[in-house]
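The structure appears below as structure tokens.
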Protein chains: 2
Amino acid sequence: MMKPAQVVKALAALAQPTRLAIYRLLVTSGPEGLAAGQIAEKLKVSPANMSFHFKTLSHAGLVESTQEGRFVYYAANFAVMNGMVDYLTENCCGGHDDSCKAPTKKC
Amino acid sequence: MMKPAQVVKALAALAQPTRLAIYRLLVTSGPEGLAAGQIAEKLKVSPANMSFHFKTLSHAGLVESTQEGRFVYYAANFAVMNGMVDYLTENCCGGHDDSCKAPTKKC
DNA sequence: TCTATTGTTAAACGATTGTTAAAATAATAA
DNA sequence: TTATTATTTTAACAATCGTTTAACAATAGA
């Protein structure tokens with residue numbers, strides 16, 4: 001189970017329009033990810049601003065980067081999102097209510 | 001599907017240690033919820049600070065309050081959390097990967 | 001009524017955040 | 001090497017956030 005501080009960090013990383021858009025784009029892009037420049041162009045964000053937000057997402061563990069030539073590819077780390085969801089839903093309703101269960105399958 | 005701005009608001013509401021603790025307490029407490037004072041005592045937070053954080057959580061739709069005499073009971077609104085999770089996981093990996101599915105059941 | 005209890009509101013303050021522009025770094029190509 | 005491309009870093013700034021203190025409702029009971 002994730003620690004509260006790590007969950008807060010992940011939630012904070014996603015709690016910003018540009019970063020949420022970046023993350024969603026990476027979630028739909030799958031494990032290969034996208035180059036920083038592609039994302040910047042698609043979302044109309046300046047390179048400097050992109051780097052700023054990538055750092056926040058990376059530090060939260062939500063995305064990972066791999067350099068390929070001149071390009072830096074970013075991809076979503078699904079495990080951290082799942083950990084976040086697990087943390088939020090754990091022991092939902094005290095676990096007493098059958099109609100109130102945490103998610104069983106995730107990305 | 002929730003709008004991005006509403007998702008950002010919900011994420012931001014949870015992206016703070018005190019508010020995350022409040023919310024987790026309410027998630028485990030189920031539909032009846034808890035009185036503001038009970039939460040404040042349990043989490044060792046001042047009443048004024050509690051009100052401040054309740055307002056943020058309420059405004060994000062994550063909790064709902066009902067007054068009973070002098071007491072104000074707060075309870076988690078699970079639908080909003082589920083909407084948030086749905087938004088984050090929608091079209092995961094482009095929907096192409098069978099080993100990569102969004103949660104099917106939630107609180 | 002008067003008093004205690006429960007919770008909210010308002011103002012002030014320091015701390016953190018997001019954006020921009022400019023400079024710097026890293027990797028490739030000519 | 002020099003130039004070009006891709007991304008990061010730095011510094012500056014306004015804007016937002018979280019905590020504290022004090023004052024303010026609203027209800028309940030004597």
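Hydrogens, waters and symmetry mates are skipped; everything else that's a heavy atom, side chains included, is used. Proteins come first, then strands; the chains are lettered A, B, ... in the order of their sequence lines, and each starts at number 1.
Atoms CE (A:Met50) and P (D:dT5) sit 20 Å apart, rounded to a whole Å. Across the protein-nucleic acid pair, A:Phe54 atom CZ and D:dT9 atom C1' stand 15 Å apart, rounded to whole Å. When rounded to the nearest whole Å, the span between OH of B:Tyr74 and C1' of C:dT6 equals 11 Å. Look at CZ on B:Phe71: it is 10 Å from P on D:dA28, rounded to the nearest Å. Note: NE2 (B:His59) to P (D:dT16) measures 14 Å, nearest angstrom. Rounded to whole angstrom, the span from the CG atom of B:Leu14 across to the P atom of D:dC17 amounts to 15 Å. Here the C1' atom of nucleotide D:dT7 and the CD atom of A:Gln38 are 14 Å apart, to the nearest Å.
Nearest heavy-atom pair across A:Leu62 and A:Met81 is CD2-N, 4.3 Å. Of all heavy-atom pairs between B:Phe78 and A:Cys92, the closest is CE2-SG, 3.7 Å.
Residues A:Leu34 and A:Val45 share a hydrophobic cluster, clusters being chains of Ile/Leu/Val/Met/Phe/Trp/Tyr side chains in contact below 4.5 Å.
Contacts of B:Tyr73 with the nucleic acid, taken as non-hydrogen atoms under 4.0 Å apart, are absent.
The closest donor-acceptor contact from the side chain of B:Glu41 to the backbone of B:Gln38 lies at 3.5 Å or more, if one exists at all. B:Glu68 places no side-chain N or O within donor-acceptor distance of the main-chain N or O of B:Arg70, the cut-off being under 3.5 Å.
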remark   = Quick tally for nucleotides 15-30 of chain C: nucleotides whose base has a protein heavy atom under 4.0 Å get B, sugar-phosphate-only ones S, the rest -, giving ---BB-BB----BBS-
Can you list, pair by pair, the side-chain donor-acceptor contacts under 3.5 Å of residues 8-31 of chain B, counting residues two or more places apart and other chains?
{"unit_1": "B:Gln16", "atom_1": "OE1", "unit_2": "B:Thr18", "atom_2": "N", "d": "3.0"}
{"unit_1": "B:Gln16", "atom_1": "OE1", "unit_2": "B:Arg19", "atom_2": "N", "d": "3.1"}
{"unit_1": "B:Arg19", "atom_1": "NE", "unit_2": "B:Ala13", "atom_2": "O", "d": "2.6"}
{"unit_1": "B:Arg19", "atom_1": "NH1", "unit_2": "B:His53", "atom_2": "ND1", "d": "3.0"}
{"unit_1": "B:Arg19", "atom_1": "NH2", "unit_2": "B:Ala12", "atom_2": "O", "d": "3.3"}
{"unit_1": "B:Arg24", "atom_1": "NE", "unit_2": "A:Tyr87", "atom_2": "O", "d": "3.3"}
{"unit_1": "B:Arg24", "atom_1": "NH1", "unit_2": "A:Tyr87", "atom_2": "O", "d": "3.2"}
{"unit_1": "B:Arg24", "atom_1": "NH1", "unit_2": "A:Leu88", "atom_2": "O", "d": "2.8"}
{"unit_1": "B:Arg24", "atom_1": "NH1", "unit_2": "A:Glu90", "atom_2": "O", "d": "2.8"}
{"unit_1": "B:Arg24", "atom_1": "NH2", "unit_2": "A:Glu90", "atom_2": "O", "d": "2.5"}
{"unit_1": "B:Thr28", "atom_1": "OG1", "unit_2": "B:Arg24", "atom_2": "O", "d": "3.3"}
{"unit_1": "B:Thr28", "atom_1": "OG1", "unit_2": "B:Leu25", "atom_2": "O", "d": "2.9"}
{"unit_1": "B:Ser29", "atom_1": "OG", "unit_2": "B:Leu25", "atom_2": "O", "d": "2.6"}

